[in-house]
Amino acid sequence: MFSCNTSTSGHSTFLLTGFPGLEASHHWVSIPINLICVVSILGNSIILLLIRRDPSLHEPMYVFLSMLAASDLGLCASTFPTMMWLFWLGARELPFDLCAAQMFFIHAFTYVESGVLLAMAFDRFAAIREPLHYATVLTHSAMARAGAAILVRAVLLNLPGPILLRRLLFPQISVLSHCYCLHCDLVGLACSDTQINSFVGLVSILLSLGLDSFLIVLSYALILRTVLGIASPGERLKALNTCVSHLSIVLIFYLPKLGLSVLHRVEKHSYPALAVLLANLHFLVPPFMNPIVYCLKSKQIRQGLLKRFQQKRVDVF
């Protein structure tokens, strides 16, 4: 525990934390985490390139999927560097400015991903509720405006965080709970009054993750109501099947956050290594699983990948 008697504002050094009790084995423990990061980057990059180059995939659902892949890549780029520095190089020190910048990008890309998931829920509702007017409702300009709104919201909600952190006093050296910087972690380490920071952080979460999750649940309630109004059981099953991929990635995105939140409030200090593992998976699993889910469930994505692979083989021979 570092004392607040020698506290400073904006000139503190933060120490990253790996897996408590497993410091000597960090190289081995980090291998699966690094593999997840590499597969996440490759998978989302392939999805982006495939959707960009294949005209048959320029549909609203796949345009939103490309936005999701881009936000996943941003999240990997925000978390992966400090993980590598800690696990492979043993570098724990992070200056205040770099820590605040990482905090901003991690939360911003998380909010972007949440907003894209909400847009995809609306896409599924529009496709099921108004299939004949689907193309006229979700035009390319409408999707571009939605993407811009999601990005602007993420920036505006996260911009006050780093600015307000500069007014706080921190010990000269502070120990973080994870191998990256999060707003709640930094606020908890401050030596001065953090009421404004906590309030701004709470409002930010409520207007992003909280609002998005509520609207996603509402969208699926409306989807279920619409599907139950369809007379044919076969058509009902077909309509619901179009939502499976999206519903899967929604659960993958929100369930680790819920599990981490429960663990922090119940048994965080009893199982510190488990808390760190869940915190890492909380950011690593969605970018890793999203391409896999859509490759498994989307026939058009699979056909696009197969076509590109066969084209590459022909070019080689």
Colleague: Distance-only, no hydrogens or angles: does the Ser204 side chain make a donor-acceptor pair with backbone N or O of Val200 under 3.5 Å?
Modeller: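 No: the side chain of Ser204 does not pair with the backbone of Val200.
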Colleague: Can Ser56 and Gln300 be counted as having a side-chain donor-acceptor contact under 3.5 angstrom?
Modeller: no
Colleague: Kindly state whether the ring of Tyr220 and the ring of His246 have centres lying under 6.0 angstrom apart.
Modeller: yes
Colleague: Just wondering, are more than 12 heavy atoms of other shown residues or ligands nearer than 6.0 Å to CD in Glu93?
Modeller: no
Colleague: I'd like to know if the side chain of Ser192 and the backbone of Leu169 have a donor-acceptor N/O pair within less than 3.5 Å.
Modeller: yes
Colleague: Any non-hydrogen side-chain atom of Leu68 less than 4.5 Å from a side-chain atom of Ile249?
Modeller: yes
Colleague: Hey, does Arg52 have a side-chain heavy atom less than 4.5 Å from the side chain of Leu57?
Modeller: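 They are not in side-chain contact.
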Colleague: Could you check whether any side-chain heavy atom of Ile223 comes within less than 4.5 Å of a side-chain heavy atom of Arg124, counting everything from C-beta outward?
Modeller: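 When only atoms from C-beta onward are counted, Arg124 and Ile223 do touch, with a gap below 4.5 Å.
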Colleague: Do Asn290 and Phe253 have side-chain heavy atoms sitting under 4.5 Å apart?
Modeller: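 When only atoms from C-beta onward are counted, Phe253 and Asn290 do not touch, as no gap falls below 4.5 Å.
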Colleague: Within a strict 4.5 Å, meaning less than it, do heavy atoms of the Leu89 and Met84 side chains meet?
Modeller: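 Answer no - side chains too far apart.
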Colleague: Would you find more than 12 non-hydrogen atoms of other residues, nucleotides or ligands less than 6.0 Å from Leu156 atom CG?
Modeller: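 Yes.
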Colleague: Going by the ring pair (Phe, Tyr, Trp, His ring centres under 6.0 Å) test, which pairs reach into residues 126-161, not counting sequence neighbours?
Modeller: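 Listed once each, the pairs would be none.
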Colleague: Go through it in stages, so that I can follow the logic: the residues are Ile301 and Leu65, the test is side-chain contact (heavy atoms from CB on, under 4.5 Å), and I'd like the CA-CA distance, side-chain angles, deciding distance and then a yes or no.
Modeller: CA-CA 11 Å; Ile301 293 287; Leu65 178 58; 4.2 Å; yes
Colleague: With a 4.5 Å cut-off on side-chain heavy-atom distances among I, L, V, M, F, W and Y, is there a chain of contacts connecting Leu49 to Leu73?
Modeller: no
Colleague: Can you tell me if Phe105 has over 12 outside heavy atoms packed within less than 6.0 Å of its CZ?
Modeller: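 Open.
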Colleague: May I ask you to decide if Ser40's main-chain N or O and Asn44's side chain share a donor-acceptor pair within less than 3.5 Å?
Modeller: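 Side chain of Asn44 to backbone of Ser40, a donor-acceptor pair under 3.5 Å: yes, one is there.
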Colleague: Which ILVMFWY residues are connected to Val244, directly or by a chain of links, through side-chain heavy atoms under 4.5 Å apart?
Modeller: none
Colleague: Dump the intermediate steps for side-chain contact (heavy atoms from CB on, under 4.5 Å) on Ile47 and Tyr62, then the final yes or no.
Modeller: CA-CA 9 Å; Ile47 290 290; Tyr62 298 108; over 6 Å; no
Colleague: Assess whether side-chain contact (heavy atoms from CB on, under 4.5 Å) is satisfied between Phe170 and Leu165, documenting all intermediate values.
Modeller: CA-CA 10 Å; Phe170 293 93; Leu165 279 177; 4.1 Å; yes
Colleague: Suppose we call two aromatic rings close when their centres sit under 6.0 Å apart. Are Phe283 and Tyr180 close by that rule?
Modeller: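 Yes, close enough.
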Colleague: Would you mind telling me which of Leu182, Thr82, Asp185, Leu15 makes a side-chain contact (heavy atoms from CB on, under 4.5 Å) with Leu176?
Modeller: Asp185
Colleague: Less than 4.5 Å apart, side chain to side chain, heavy atoms only: is that true for Leu157 and Ser208?
Modeller: yes
Colleague: Between Cys181 and Cys99, is the SG gap short of 2.5 Å?
Modeller: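 Cysteines Cys181 and Cys99 qualify as a disulfide pair, their SG atoms being under 2.5 Å apart.
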Colleague: Show, in sequence, the C-alpha distance, side-chain angles and deciding distance for Arg166 and Asp97, and conclude whether the salt bridge (Lys or Arg N to Asp or Glu O under 4.0 Å) test is met.
Modeller: CA-CA 9 Å; Arg166 299 196 71 86; Asp97 290 334; 2.7 Å; yes
Colleague: Starting from Val38, can I reach Trp88 by hopping between I/L/V/M/F/W/Y residues whose side chains sit under 4.5 Å apart?
Modeller: no
Colleague: With distance as the sole test, does Asn241 use its side chain to make a donor-acceptor pair with the main-chain N or O of Leu237 at under 3.5 Å?
Modeller: no
Colleague: Could you list the cluster mates of Val217? Members are the ILVMFWY residues connected by side-chain heavy atoms closer than 4.5 Å, either directly or through other members.
Modeller: none
Colleague: Do Leu75 and Glu113 come close enough that some side-chain heavy atom pair is under 4.5 Å?
Modeller: yes
Colleague: Would you say Tyr111 and Ser71 are linked by a side-chain donor-acceptor pair, where the criterion is simply a distance under 3.5 Å?
Modeller: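 No, Tyr111 and Ser71 have no side-chain donor paired with an acceptor closer than 3.5 Å.
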Colleague: Start with the C-alpha distance between Met83 and Thr79, add both sets of side-chain angles, then the distance that settles side-chain contact (heavy atoms from CB on, under 4.5 Å), and finish with yes or no.
Modeller: CA-CA 7 Å; Met83 289 184 181; Thr79 56; 4.3 Å; yes
Colleague: Quick check: are there more than 12 heavy atoms from other residues, nucleotides or ligands sitting under 6.0 Å from CZ of Arg92?
Modeller: yes
Colleague: I'd like to check Met67 versus Val63 (side-chain heavy atoms, cut-off strictly below 4.5 Å). Are they in contact?
Modeller: yes
